[in-house]
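A quick note: this is a predicted structure, and the numbers were derived from the prediction, not measured.
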Amino acid sequence: MTKKQLVGFGLGISSFLVLISVDPPSDMNPLAMKAAAVSIMMAIFWVTEAISIFATSFLPIVLFPILGVLDSKQIAASYGHHIVLLILGAFFVAKAIETNNLHKRIALATIKSIGTSRPKVMLSFMIATGFLSMWTSNNSTTLMMLPIGLAILTREKEMGADTKRFAPALMLSIAYSASIGGTGTLVGTPPNLVFVSTAQELLPNSPNVLFTDWLKIGIPFVVVFLPVSWLYLVRFFGVSGDLQGSRTVIQKEYTALGTISGAERKVLVVVILYALGFIF
């Protein structure tokens with residue numbers, strides 16, 4: 001273990017032991033205090049990576065039954081909740097898109113269509129990222145698009161171009177558009193699903209929020225705020241000019257992908273059916 005991990009492990013365990021040992025406030029449920037102790041320890045473990053991030057996620061399965069917060073059946077059911085499985089399915093779709101370079105084809109085709117000036121490249125990335133983020137987790141979409149953006153920035157540096165202002169603008173454009181695109185559909189980001197699930201539990205007599213209901217709010221939001229955030233980033237960072245050797249680089253990268261493969265076609269069909277299944 002590194003020094004950071006050792007410190008994190010010690011701090012996490014210490015915080016846990018202290019919180020379960022002290023008396024909770026008079027108006028606080030003792031079980032809530034124990035749940036907070038586990039949560040804080042997990043947060044410290046995640047931030048410092050004291051133990052595997054994945055292993056940390058399973059600590060409640062062991063600790064909650066021992067502490068009496070939830071029994072084994074309740075905590076296991078939470079891990080198998082339909083929202084969790086839905087998020088897991090979105091990650092599967094994102095992995096299939098990434099493995100078969102479908103995201104790269106979409107991004108490069110968008111750049112070719114819109115243009116290769118620096119502001120237009122940013123807009124292309126934001127449109128492609130926002131669209132993908134509407135159907136897969138915004139975290140997964142960001143991880144898929146960042147390597148493409150980094151490849152363009154690396155090429156710029158090799159050509160001797162100054163990327164001090166363009167680099168952070170391009171990286172932020174990917175992050176912002178993933179978050180904005182994630183609000184477009186019910187499955188775009190986990191908090192959307194958690195909200196709907198929680199609302200149904202707290203307000204059982206209210207009508208359920210359907211996928212199409214969410215689209216009526218989400219799509220206008222995406223359509224408005226993608227260009228707004230693009231304009232803000234371009235003006236704030238003063239992005240202008242063309243990429244060095246941009247047309248050649250983009251065309252070369254797109255040509256290197258070759259014709260669309262059978263695997264890409266299959267993934268595209270699955271994604272289309274996936275989207276239509278949610279909408280209808």
Ring pair (Phe, Tyr, Trp, His ring centres under 6.0 Å) partners of F16, counting only residues at least two apart: none

Remaining members of the apolar cluster that contains F92, side-chain heavy atoms under 4.5 Å: L88

Sequence neighbours excluded - salt bridge (Lys or Arg N to Asp or Glu O under 4.0 Å) pairs with any residue from residues 117-127: R118-E156

Nearest-0.5 Å distance, CD1 of residue I111 to CG of residue L123: 10.5 Å

V271 reachable from I260 in the ILVMFWY side-chain graph, under 4.5 Å edges: no

Smallest separation among heavy atoms of E49 and Q5, with atom names: O-NE2, 2.9 Å

Check against side chain to side chain contact (heavy atoms under 4.5 Å, CB included), I279 and L215: CA-CA 9 Å; I279 292 171; L215 289 179; 4.2 Å; yes

Where A128 and M145 come nearest, the two heavy atoms and their spacing: CB-CE, 4.1 Å

Heavy-atom donor-acceptor pair, S14 side chain to G10 backbone, under 3.5 Å: yes

Verdict with reasoning, I174 to M171, per side chain to side chain contact (heavy atoms under 4.5 Å, CB included): CA-CA 5 Å; I174 294 173; M171 293 296 100; 4.2 Å; yes

Quick one: side chains of residues 65-78, donor-acceptor pairs under 3.5 Å with protein atoms, not counting sequence neighbours, listed by atom name and distance.
unit_1, atom_1, unit_2, atom_2, d
D71, OD1, K73, N, 3.1
D71, OD1, Q74, N, 2.7
Q74, OE1, D71, N, 3.1
S78, OG, Q74, O, 3.1

Main-chain N/O of A96 paired to N100 side chain as donor or acceptor, under 3.5 Å: yes

Atom pair CE (M41) and CG (L63), whose distance is rounded to the nearest 0.5 Å: 5.0 Å

N/O donor-acceptor pair under 3.5 Å between N138 side chain and G181 backbone: no

Joint cluster assignment, L170 & L143, ILVMFWY side-chain distance < 4.5 Å: no

Backbone of K4 reached by a side-chain donor or acceptor of T48 within 3.5 Å: no

T129-T141 side chain donor-acceptor pair, cut-off 3.5 Å: no

Heavy atoms of other groups near Y79 OH, more than 12 under 6.0 Å: yes

Residue pairs, two or more places apart or on separate chains, that pass ring pair (Phe, Tyr, Trp, His ring centres under 6.0 Å) and touch residues 248-272: none

Same apolar cluster: L17 and V7, side chain cutoff 4.5 Å: no

Pairwise side-chain contact, P60 with M42, heavy-atom cut-off 4.5 Å (strictly under): yes

Step-by-step ring pair (Phe, Tyr, Trp, His ring centres under 6.0 Å) determination, F58 to F54: CA-CA 7 Å; F58 286 95; F54 315 105; 9.1 Å; no

Validation row: F225, T183 side chains within 4.5 angstrom (heavy atoms): no

Cluster companions of I44 among Ile, Leu, Val, Met, Phe, Trp, Tyr (side-chain spacing under 4.5 Å): L11, V18, L19, V22, M28, M33, I40

For F195, ring pair (Phe, Tyr, Trp, His ring centres under 6.0 Å) partners two or more places apart: none

Any side-chain heavy-atom pair of W214 and N192 under 4.5 Å: yes

Considering all heavy atoms, the nearest A50-G8 contact: CB-C, 3.9 Å

Rounded distance [0.5 Å steps], OG1 in T212 versus CD1 in I219: 11.5 Å

Criterion side chain to side chain contact (heavy atoms under 4.5 Å, CB included) on W135 and V93, from CA distance to verdict: CA-CA 9 Å; W135 308 104; V93 171; over 6 Å; no

Which atom of P119 lies closest to which atom of G241, heavy atoms considered: CD-O, 3.8 Å

F211 atom CZ, neighbour heavy-atom count above 12 within 6.0 Å: yes

Salt bridge (Lys or Arg N to Asp or Glu O under 4.0 Å): pairs with one or both residues in residues 102-112, sequence neighbours excluded: K104-E253, R105-E264

By ring pair (Phe, Tyr, Trp, His ring centres under 6.0 Å) - contacts of F9 (at least two apart): F45

Interatomic distance, F125 atom CZ to T110 atom OG1 [nearest 0.5 angstrom]: 9.5 Å

Ring pair (Phe, Tyr, Trp, His ring centres under 6.0 Å) involving Y232 - partner list, sequence neighbours excluded: F236

Fellow cluster residues of L210, listed by chain then number, with links counted only when side-chain atoms sit under 4.5 Å apart: none

I180 CD1 to T189 OG1 distance, which is reported to the nearest 0.5 Å: 12.5 Å

Cluster link I13 to I51, ILVMFWY, side chain under 4.5 Å: yes

Partners meeting side-chain contact (heavy atoms from CB on, under 4.5 Å) with M126 (sequence neighbours left out): S173, S177, L226, S229, W230

Stepwise side chain to side chain contact (heavy atoms under 4.5 Å, CB included) check, I97 with I106: CA-CA 10 Å; I97 292 172; I106 293 172; 5.7 Å; no

Distance-minimising heavy-atom pair for G182 and S133: N-OG, 3.3 Å

Cluster overlap L273 with F91, hydrophobic side-chain contacts below 4.5 Å: no

Nearest-0.5 Å distance that lies between atom CG in L132 and atom OG in S137: 12.0 Å

Closest heavy-atom pair and its distance - I20, A37: CG2-CB, 3.6 Å

